[in-house]
Amino acid sequence: MKPSTPTLGDLGFEAMVLSGDTPSGEIEALFREDRGLRAVVVEVRGIPTLLTRDQLDHQMTGRLGYGRALNARVTAEALVPCTTFSLPPSLDLRAAAAALLDRPEESRYQDVLVVPASGSPRVVPVSQVLEGLSDVFRHAALHDPLTGLANRLGLEESGQALLAGSGSARTAALYVDLDDFKVINNTFGHRAGDSVLTAFAARLRACTRAADRVARLGGDEFAVLLADVDEASARALADRILRVLDEPFVHDGHLLHVSATLGLAMAADVGAGDPGARDGGAGVRAGGQEPGTQLEDLLRQADAAMLQAKHEGKRRLGRIDPSRPESRFARQALIRRRLPHALSSAAFSLHYQPLMDIPTGECPAVEALLRWHDPELGAVSPTEFIHVAEHTGMIHAVGQWVIDQACAQARLWADAGTPRAISVNISPLQLAAGNLATVIHGSLQRHGVPPSLLNVEITESAAIVDLSSAAAQLRTLIGAGIGVALDDYGTAYSSLSLLRELPLTGLKLDKSFIDTIDTDPTSAVLVANVMASARALGLRTTAEGVERETQLAVLRELGCDTAQGYLIARPLPPAELDVLSRRRVP
């Protein structure tokens, strides 16, 4: 259950209510006898008005020091200010803080009167509103807004405290990933998906103890840190989590069946090579690591175990033997954990591979290719991390970064007098978000780049689920003057029907078509047929992976428009590409 949002009525204290005819002396005596009394409420003709200690002192002192003598016989009605700042108790703290900031500066920090529909008025110090608002923001920073569970940052904070405490060597981590969850979103919509995630979070919390830490790491991935457990107890909890998914979720009358795959890691695993890592004594940290480092390694080990279990068939618990050499699943788990840092740490860069116009031999365009060099992982191939980015939802942030960087580079080349059109790869998941045209248009405007200097290539890493929506977005791009090509044609989900259903300006033939085009007549015939179909649809053709002059000769004979590959140039950083281009100029 998500915690309820605090309101103004939850703060402050119940006020003492006085009638308007209460003598001033009695009021002054009340404040004198109770030094903690901040204010009273004076009711004048049924209207409550706040009288604070400061306001009373000001009245009784007076400008020339005669206030007490002048006010000795007056009643409370004469002492209260003309107006009182009051707010409804149902107001949330953000709205209350905004209302306070709208007050004149001289009264901005005075206490607030809160009058409920029934019951006694309350006095709320401004400091409590600001402290409560700080708590609200802190909670939002550490928790997932959908499920109310801790988010990754919240897990890091609470998990480090758990590991730093006693019994850290008996800590376990469970990494939980819902199987094929995107099918729910694609079939029933994101509201159904959110409903399942919220309900699963409640079931997950019900499986655990108060001492455990439960978090949603993002998308359909969750983690549980278990305190003071052995492996048998951790496995028992994993079995409970698998069993609670036997009951389907219900949304809008539909029964939604969801399973999960789990990975388990024990704290001793992350320091298995250290003789002291398996010490079961209280407060021992595996391998002598700091809690933050140990937590990172523990979650990565559990993530790797989950990935291995996925590979073995899903709907089960995975466990990696820490004494065995690191598996490819461990690297994939580290990729998943390092990927969010790549954007913020400048670990990403773009290299550019020239696209040669075959009839002229010139290279007026390039393809932007994403590169990632990580301090821990080293060079990470796009084949390793793109599908991870798509699975975790990071593809949207990564894709937007690529588009923006490409537009910035296009502006630099245009300013230098060497304009080049840049092609960027777009995942079908970016199309599925529905805002691709808006993102691209924003980047073009931000950098002052004409649409003709940007092309998009739709990659075949995942099927395009909503063809009508994708077609509408691509049509908008083409209408703005942006080229749209179908990449890697001949692999994955591409087909002639896709060429007919999607608005396109170009087609890129996968390298597998080109590899034997100069040695196998059948390959040449296939490529010729594809090119004929493309020309009939008005599409320009590009051949990928051209590495030999003989391949280029066949492509020229078949009427291919553009060639790309190591024969022309490898992908290069912008500065090296500029040097190469200058060398080619006669």
Side-chain angles (χ1 to χ4, degrees), residues 348-372 382 398-427 430 436-437 439-459 474 477-488 504-509 511 514 539-547 552 555-556 560-586:
F348 279 143
S349 64
L350 290 183
H351 286 197
Y352 297 89
Q353 186 171 33
L355 299 169
M356 187 184 78
D357 183 71
I358 294 178
T360 66
E362 297 178 353
C363 295
V366 295
E367 180 183 359
L369 298 168
L370 185 58
R371 297 293 182 259
W372 177 19
V398 172
Q400 187 163 347
W401 182 89
V402 170
I403 292 168
D404 201 64
Q405 291 295 306
C407 287
Q409 184 60 54
R411 179 73 267 163
L412 290 174
W413 278 329
D415 291 343
T418 55
R420 297 183 179 96
I422 300 178
S423 295
V424 295
N425 292 296
I426 299 296
S427 165
Q430 291 173 263
L436 179 62
V439 168
I440 290 177
H441 181 68
S443 287
L444 290 172
Q445 277 198 323
R446 188 159 48 251
H447 296 285
V449 175
S452 59
L453 290 183
L454 188 71
N455 301 310
V456 299
E457 297 180 4
I458 309 302
T459 62
L474 298 182
L477 294 176
I478 293 172
I482 297 168
V484 177
L486 184 64
D487 197 10
D488 300 330
L504 300 166
T505 62
L507 177 67
K508 297 189 74 173
L509 282 78
K511 183 179 183 297
I514 309 304
L539 307 180
R540 287 182 58 84
T541 53
T542 299
E544 298 181 293
V546 179
E547 299 177 349
L552 184 59
L555 291 168
R556 184 179 289 112
C560 185
D561 299 299
T562 307
Q564 177 182 6
Y566 285 0
L567 177 66
I568 294 96
R570 292 174 177 268
L572 296 169
E576 293 183 28
L577 182 62
D578 291 341
V579 171
L580 178 65
S581 298
R582 285 194 292 270
R583 287 175 181 169
R584 286 181 171 176
V585 175

Among side-chain atoms of Glu367 and Asn425, is any donor-acceptor pair under 3.5 angstrom? yes
[atom1] of [X] to [atom2] of [Y]: how many Å apart, nearest 0.5 Å?
X      : Y      : atom1 : atom2 : value
Leu477 : Ile440 : CG    : CD1   : 4.5 Å
Thr562 : Ile358 : OG1   : CD1   : 6.5 Å
Cys407 : Leu412 : SG    : CG    : 11.5 Å
Leu369 : Tyr352 : CG    : OH    : 9.5 Å
Ile422 : Ile403 : CD1   : CD1   : 12.0 Å
Ile458 : Ser427 : CD1   : OG    : 9.0 Å

Are side-chain heavy atoms of [X] and [Y] found at a separation under 4.5 Å?
X      : Y      : value
Gln445 : His441 : yes
Val449 : Trp413 : no
Leu444 : Ile482 : yes
Arg420 : Ser581 : yes
Ile568 : Cys363 : yes
Glu544 : Asp488 : yes
Arg371 : Pro382 : yes
Leu436 : Ile426 : yes

Which one of Leu355, Leu577, Leu350 satisfies the side-chain contact (heavy atoms from CB on, under 4.5 Å) criterion with Val366? Leu577
Looking at [X], I'd like to know if its [atom1] atom is crowded, meaning that more than 12 non-hydrogen atoms belonging to other residues, nucleotides or ligands lie closer than 6.0 Å.
X      : atom1 : answer
Arg570 : CZ    : no
Glu362 : CD    : no
His351 : NE2   : yes

Working for side-chain contact (heavy atoms from CB on, under 4.5 Å), residues Phe348 and Val402: CA-CA 9 Å; Phe348 279 143; Val402 170; over 6 Å; no
Looking only at atom types and distance, does a side-chain atom of Thr541 sit under 3.5 Å from a main-chain N or O of Leu507, one as donor and one as acceptor? no
Any side-chain to backbone donor/acceptor pair from Gln409 onto Ala406? Under 3.5 Å, distance only. no
Can you name the nearest heavy-atom pair linking [X] to [Y], along with the distance?
X      : Y      : result
Pro354 : Gln564 : O-CG, 3.9 Å
Gln353 : Ala569 : NE2-O, 2.9 Å
Gly399 : Gln430 : CA-NE2, 3.4 Å
Ala543 : Leu555 : CB-CD1, 3.4 Å

What do the steps show when you test Leu486 against Leu539 for side-chain contact (heavy atoms from CB on, under 4.5 Å), and what is the final call? CA-CA 10 Å; Leu486 184 64; Leu539 307 180; over 6 Å; no
Check the pair Met356 / Leu552 against side-chain contact (heavy atoms from CB on, under 4.5 Å), numbers first and verdict last. CA-CA 11 Å; Met356 187 184 78; Leu552 184 59; 3.8 Å; yes
Tell me, with the steps shown, if Arg540 and Asp357 meet side-chain contact (heavy atoms from CB on, under 4.5 Å). CA-CA 11 Å; Arg540 287 182 58 84; Asp357 183 71; 3.5 Å; yes
